[in-house]
Amino acid sequence: MILSRRQVHFYSFVGLGIILPIVFIAGLALRPNYDMQATDAATDLFAQAGFATGEDGEAISSDSFTVARVPIAAETLRLTDGSVVLDLTPKKSLPVVDVLVYWDAGSEAPEALGDEAVLLGNLAGDARRRFEIPAELQGQSGQLVFYSQAQSQVVTAAPFAAEMTQ
Amino acid sequence: MSVGYKSIQWNRQKLIYDLILWASVAAYIAIFMAVTKGIDSNLDIRGVQIRAYGSAAFLLLHVILSIGPLSRLSPKFHPLLFNRRHMGVTMFFLALIHVVGLNLPGLPLKTTGALTWYHDFGNLDPLVSLFVGNSHYGDFIQFPFEILGVGALAIFFVMAATSHDFWLVNLTAPIWKALHMGVYVAYGLLVGHVVLGALQSNRHPAMTVAVGVGLVWIVGLHLLAGSREIKQDKATLSPSDDGFVDVGTVAEIPDNRAKVVTISGERVAVFKYDGKISAVSNVCQHQNGPLGEGKVIDGCITCPWHGYQYLPDCGASPPPFTERIPTFDVRLAGDGQGPVEDQRIFVRAIPNAPGTHVDPAVI
């Protein structure tokens with residue numbers, strides 16, 4: 001190295017030699033006591049937030065959609081308590097803000113959210129999300145509507161066959 | 001040396017170097033995961049993968065940062081310098097996998113990244129959550145350590161993207177070196193990332209001791225090597241009235257080797273070869289390596305770092321190569337009665353233009 005670079009190197013490490021030990025010692029001395037124990041309550045919280053963390057259940061049917069160019073795998077399951085759930089797994093995060101998933105009646109893809117549309121839950125990230133299908137919707141064909149709450153518009157809608165839930 | 005730009009210049013040594021590097025990384029990750037799962041079988045494999053890749057990158061950074069000062073302290077470590085940039089690029093990709101995971105089509109190895117693992121639990125996009133999830137910027141212990149990691153990753157990206165000789169040639173070695181000294185900042189950021197992140201939740205003494213020992217090792221090693229360099233720089237020789245500097249005797253220089261002296265703040269390599277003495281700049285044009293720590297091979301001064309070669313009498317690479325380094329006028333003086341090895345060597349303090357021919361002093 002040339003002289004100026006050697007000086008930068010040396011004085012950089014003089015600086016690091018002062019700062020980093022302080023950070024290291026302070027980081028250890030001041031660290032708070034976190035309760036890191038995972039409990040069953042955490043699993044419940046994940047389930048309430050719409051994550052597919054519970055049982056896999058019995059598979060009913062599967063399908064796939066494309067929302068904002070992102071492929072989404074869909075699978076319906078019947079759980080041991082008799083409820084029917086829809087698991088959606090985006091291949092990657094949706095490039096759309098605040099996506100809500102609705103079920104809406106009809107065979108045509110709606111351009112706007114209908115008054116009778118039923119909110120199933122929100123969809124974000126690329127984790128497997130679980131949506132409970134209300135009993136009155138099971139066995140009915142309709143549309144799965146992906147609606148951007150932030151943009152107040154329907155992103156896309158995909159047919160949701162009756163066979164998916166019966 | 002280079003005739004023209006070539007995108008990749010592989011050779012057997014580089015392939016062996018890379019194979020050892022990648023095999024070591026793969027072995028480390030496999031052992032890390034096996035041992036961690038062995039200690040606690042209830043751990044989620046995805047969380048273990050994130051730690052495996054993150055710790056692999058941090059450990060490899062320690063290895064990378066050790067090579068430079070070790071090479072200054074002992075030439076035995078010069079072979080490790082030869083392909084250090086591949087280590088750096090490998091380290092960047094390990095850090096990137098630690099953050100975003102690995103999920104390439106057709107590749108059976110898939111892992112979850114920290115971005116998904118820690119920030120994919122709400123309505124926000126994980127990348128947005130990363131930056132807004134923790135806003136305790138004014139609090140030391142709660143400082144968003146992820147941002148420190150992001151800063152380090154950005155520096156590693158710039159370094160990996162400009163690691164090729166294409167950038168080295170076009171930016172010139174001093175600018176390229178300055179740019180790549182960003183690794184010191186990145187190291188500081190990563191220590192903060194680990195101390196305020198992993199060490200806050202993982203209180204196992206072994207982890208704390210490992211990070212502490214790594215810190216002392218890296219900083220201590222660089223300060224030791226750097227202080228030796230500064231000491232040598234301060235031992236600068238000043239020219240006499242005729243503009244020449246007495247740099248020592250012929251006997252002090254082994255055959256086909258050099259003595260490195262500091263003249264007016266910059267280093268000069270004085271070589272003895274074939275019964276002659278020549279002096280050139282100690283700075284290789286390629287990566288500013290220490291030419292005076294190399295030797296004369298096949299009549300050419302050969303840089304110990306990457307093997308760039310220069311003719312001793314003119315400082316030019318042999319045709320068809322085009323590199324040039326400054327040369328210095330040299331003369332010998334003695335009383336004419338003692339052995340020739342006792343002759344003193346005088347080097348002119350002002351360098352000649354790169355590539356200028358200078359008649360060697362004949363012993």
Side-chain angles (χ1 to χ4, degrees), chain A residues 1-38 42 45-46 48-51 53 71 90-100 121-129 148-150, chain B residues 42 44 68-69 103 116 119-129 140-142 145 173-174 177-178 181 184-185 187-188 191-192 194-197 199-203 208 211-212 215-216 218-223 225-227 229-230 232-233 262 265-267 281-283 287-290:
Chain A
M1 285 193 286
I2 57 177
L3 178 64
S4 60
R5 299 293 175 270
R6 286 196 293 273
Q7 289 173 334
V8 169
H9 166 264
F10 180 70
Y11 292 113
S12 295
F13 270 91
V14 169
L16 288 175
I18 295 168
I19 294 169
L20 293 185
I22 293 173
V23 169
F24 183 72
I25 293 168
L28 296 181
L30 299 176
R31 62 184 174 188
N33 283 314
Y34 293 112
D35 182 8
M36 300 302 295
Q37 190 175 11
L45 289 171
F46 278 112
Q48 287 174 25
F51 288 88
T53 57
K91 194 165 180 62
K92 60 181 183 180
S93 294
L94 296 173
V96 188
V97 183
D98 291 345
V99 176
L100 300 176
N122 70 291
L123 182 64
D126 61 359
R128 185 181 176 100
R129 296 284 186 142
S148 169
Q149 176 78 358
Chain B
N42 290 322
D44 192 305
N103 188 10
T116 302
H119 292 276
D120 196 10
F121 298 126
N123 295 338
L124 290 176
D125 182 279
L127 200 57
V128 176
S129 170
F140 171 73
I141 206 68
Q142 294 189 74
F145 70 95
K177 274 281 178 191
M181 279 181 165
Y184 306 142
V185 178
Y187 175 70
V191 170
V194 172
V195 169
L196 298 179
L199 285 190
Q200 296 299 306
S201 54
N202 188 330
R203 297 186 167 218
T208 305
V211 175
L215 172 60
V216 172
I218 291 297
V219 174
L221 197 60
H222 278 265
L223 285 177
S227 61
E229 299 291 318
I230 293 289
Q232 186 176 346
D233 287 333
T262 306
E266 283 298 348
R267 294 187 184 174
S281 166
N282 191 49
V283 180
Q287 266 199 42
N288 293 169

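Throughout, protein chains are lettered first and strands after them, A, B, ... in sequence-line order, and every chain is numbered starting at 1. These numbers come from a predicted model, not from an experiment.
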Quick one: pull up CG in L94(A) and CG in D125(B) and give me the separation to the nearest 0.5 Å. 9.5 Å
If I measure from the heavy atoms of chain A, does S129(B) come under 4.5 Å with its side chain, its backbone, both, or neither? neither
Checking salt bridge (charged side-chain N to carboxylate O under 4.0 Å, His left out) for the pair R5(A)/E229(B): CA distance, chi angles, key distance, verdict? CA-CA 11 Å; R5(A) 299 293 175 270; E229(B) 299 291 318; over 6 Å; no
Give me the atom names and distance for the closest heavy-atom approach of I141(B) to A26(A). CD1-O, 4.2 Å
Proximity breakdown for V211(B) and chain A, heavy-atom pairs closer than 4.5 Å: both
When heavy-atom pairs shorter than 4.5 Å are enumerated against chain A, which of V185(B), L199(B), T116(B) gives the highest number? L199(B)
Could you look at I218(B) and say if it's the side chain, the backbone, both or neither that has a heavy atom under 4.5 Å from chain A? both
Of the listed residues (D233(B), V219(B), V191(B)), which shares the most heavy-atom pairs with chain A below a 4.5 Å separation? D233(B)
Point-to-point distance, once rounded to the nearest 0.5 Å, from CG of N103(B) to NZ of K91(A): 6.0 Å
Contact origin within V14(A) toward chain B - heavy atom pairs under 4.5 Å: both
For residues V195(B) and G27(A), report the shortest heavy-atom separation together with the two atoms involved. CG1-CA, 3.7 Å
Could you tell me which non-hydrogen atom of S148(A) sits nearest to which non-hydrogen atom of V96(A), and how far apart they are? CB-CG1, 3.6 Å
Which atoms of L215(B) come close to chain A, meaning under 4.5 Å heavy atom to heavy atom: side chain ones, backbone ones, both, or neither? side chain
When the 4.5 angstrom heavy-atom criterion is applied to T262(B) and chain A, the contacting part is neither
Evaluate the ring planes of H222(B) and Y184(B), with Trp represented by its six-membered ring, and classify them as parallel (under 30°), tilted (30 to 60°) or perpendicular (over 60°). perpendicular
Check whether I230(B) gets within reach of chain A through its side chain, its backbone, both or neither, counting any heavy atom under 4.5 Å. side chain
